[in-house]
Amino acid sequence: MCAADIFAADRNLALELVRATEAAAMAAGRWMGRGDKNAVDGAAVNALRYMMNTVPMSGIVVIGEGEKDEAPMLFNGEQLGAEDEPQMDIAVDPVDGTRLTALGLAGAISVVALSERGTMFNPKNIFYMNKLVTGPDAAEVIDINLSPEENIARVAKAKKKAMDDVTVVVLDRPRNDEIKEHIRKAGARIKLIPDGDIAGALLTCKDQGGADLLMGIGGSPEAVITACAIKCLDGNMQCKLWARNESDAEESRKRGLDLDQVLTIHDLVQGDNIFFAATGVTDGAFLQGVRYEGRQIRTSSMVMRSKSGTIRFVDSIHVPKKLSELSKVSGIDYSTV
């Protein structure tokens, strides 16, 4: 990137992204509690794609959702953006927590991350990773090759806590039952989340009312997006690819993936020019969900950039009638989606 491109990115890209996550959240939030995951995702994708194509960049989706969910959504390799430069990698989840939204549960967010072209890890056919995430206070002490008990002890010492004061976020899946038993053996507390481990990982960087660690097996695409956020927050993350069966493992070997390799946060996203935006879809510990108030809509978002270390919390008021006029060509009607 030339100096002019970097200047443009500094001044524009971070806050351009939040316009996209806001649009996705407002569209998806209309479907909260209505029991239709596909409608949640479809509404978010349509709005986010439209807004991302107005961003002054040339972006390629490295982490999308179409391959995993077998849905014609934002797919790996899709090109987004309105300019030829700067050239960026895109990691996107229009709604991290489509099931949460469909069921009217807390913790769903819309997220987008950017980094310079060629810097994001592509997990290829492996859809899951074993993850270990913590915030800045314990960033230097975690080691995924150690047991959960040892990592909890290290984090407790770094944060000057007793072991039974440590809270560990775990995705509530049978594949994480063994990890839960290790955490209980260590005497730590567990915060189970039904979905949405990007938002769960963000809790490890929250000073008050947050958590100390995230452990367990979750989605690989979400891991790369999480790494972008955690890097902006000066936390740390380590992962290992996790094969569901021998067929996955054999395919991984054919593609040159090492299931024993420890993927550091720098392996997942290289460099230090990363942009991240998230908007709450339903209420969560970090962000409020979308509030529909008749003549206006309120959204809560966070916008971060790793290079500057700046974190912005953005509370926005939108006028749906005017938004619908501005985005007629997209087919989105913010007042009735």
Is there side-chain contact between [X] and [Y], with heavy atoms separated by less than 4.5 Å?
| X | Y | result |
| --- | --- | --- |
| Q87 | E85 | yes |
| Y128 | I217 | yes |
| M120 | C228 | yes |
| E16 | F275 | no |
| I63 | P123 | yes |
| V290 | M32 | no |

Is the shortest distance from a Lys or Arg side-chain nitrogen in [X] or [Y] to a carboxylate oxygen in the other one below 4.0 Å?
| X | Y | result |
| --- | --- | --- |
| E78 | R49 | yes |
| E246 | R253 | yes |
| R184 | E181 | yes |

Is there a donor-acceptor pair closer than 3.5 Å between any side-chain N or O of [X] and the backbone N or O of [Y]?
| X | Y | value |
| --- | --- | --- |
| S252 | L257 | no |
| S300 | L287 | no |
| S110 | P94 | yes |
| N176 | L171 | yes |
| T101 | G97 | yes |
| R99 | D195 | no |
| R291 | G289 | yes |
| N53 | G81 | yes |

L15 reachable from I317 in the ILVMFWY side-chain graph, under 4.5 Å edges: no
Hydrophobic cluster identity match, I142 and V170, side-chain contacts under 4.5 Å: yes
Sole residue of D207, D137, D212, D165 in salt bridge (charged side-chain N to carboxylate O under 4.0 Å, His left out) with K159: D212
D272 vs K231, salt bridge (charged side-chain N to carboxylate O under 4.0 Å, His left out): CA-CA, chis, key distance, verdict: CA-CA 8 Å; D272 194 29; K231 206 165 191 180; 5.8 Å; no
Mind listing the closest non-hydrogen atom pair of [X] and [Y] along with its distance?
| X | Y | answer |
| --- | --- | --- |
| A223 | C239 | CB-SG, 4.3 Å |
| I179 | G216 | CD1-CA, 3.5 Å |
| V95 | D41 | N-OD1, 4.5 Å |
| A211 | V169 | CB-CG2, 3.5 Å |
| D89 | G118 | OD2-N, 2.9 Å |
| W31 | V40 | CB-CG2, 3.6 Å |

Inter-residue atom distance [X].[atom1] - [Y].[atom2], 0.5 Å rounding:
| X | Y | atom1 | atom2 | value |
| --- | --- | --- | --- | --- |
| M302 | I109 | CE | CD1 | 8.5 Å |
| T119 | L268 | OG1 | CG | 11.5 Å |
| F276 | I225 | CZ | CD1 | 8.0 Å |
| L259 | L241 | CG | CG | 6.0 Å |
| Q238 | I265 | CD | CD1 | 9.5 Å |
| M129 | L263 | CE | CG | 5.5 Å |

Residue K157 excluded, over 12 heavy atoms near NZ under 6.0 Å: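 Atom NZ in K157 is not packed in, count stays at 12 or less.
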Regarding [X] and [Y], is there a side-chain donor-to-acceptor distance under 3.5 Å anywhere?
| X | Y | result |
| --- | --- | --- |
| T167 | R189 | yes |
| S301 | R312 | no |
| T299 | H318 | yes |

L17/V303 under side chain to side chain contact (heavy atoms under 4.5 Å, CB included): CA gap, chis, key distance, verdict: CA-CA 8 Å; L17 288 185; V303 182; 6.0 Å; no
F286 and F313 aromatic ring geometry - parallel, tilted or perpendicular at 30°/60° bounds: parallel
Given M237, K131, K191, the one that forms side chain to side chain contact (heavy atoms under 4.5 Å, CB included) with L214: K131
Derivation of the side-chain hydrogen bond (donor to acceptor under 3.5 Å, both in side chains) call for S58 and D84: CA-CA 5 Å; S58 173; D84 294 330; 5.8 Å; no
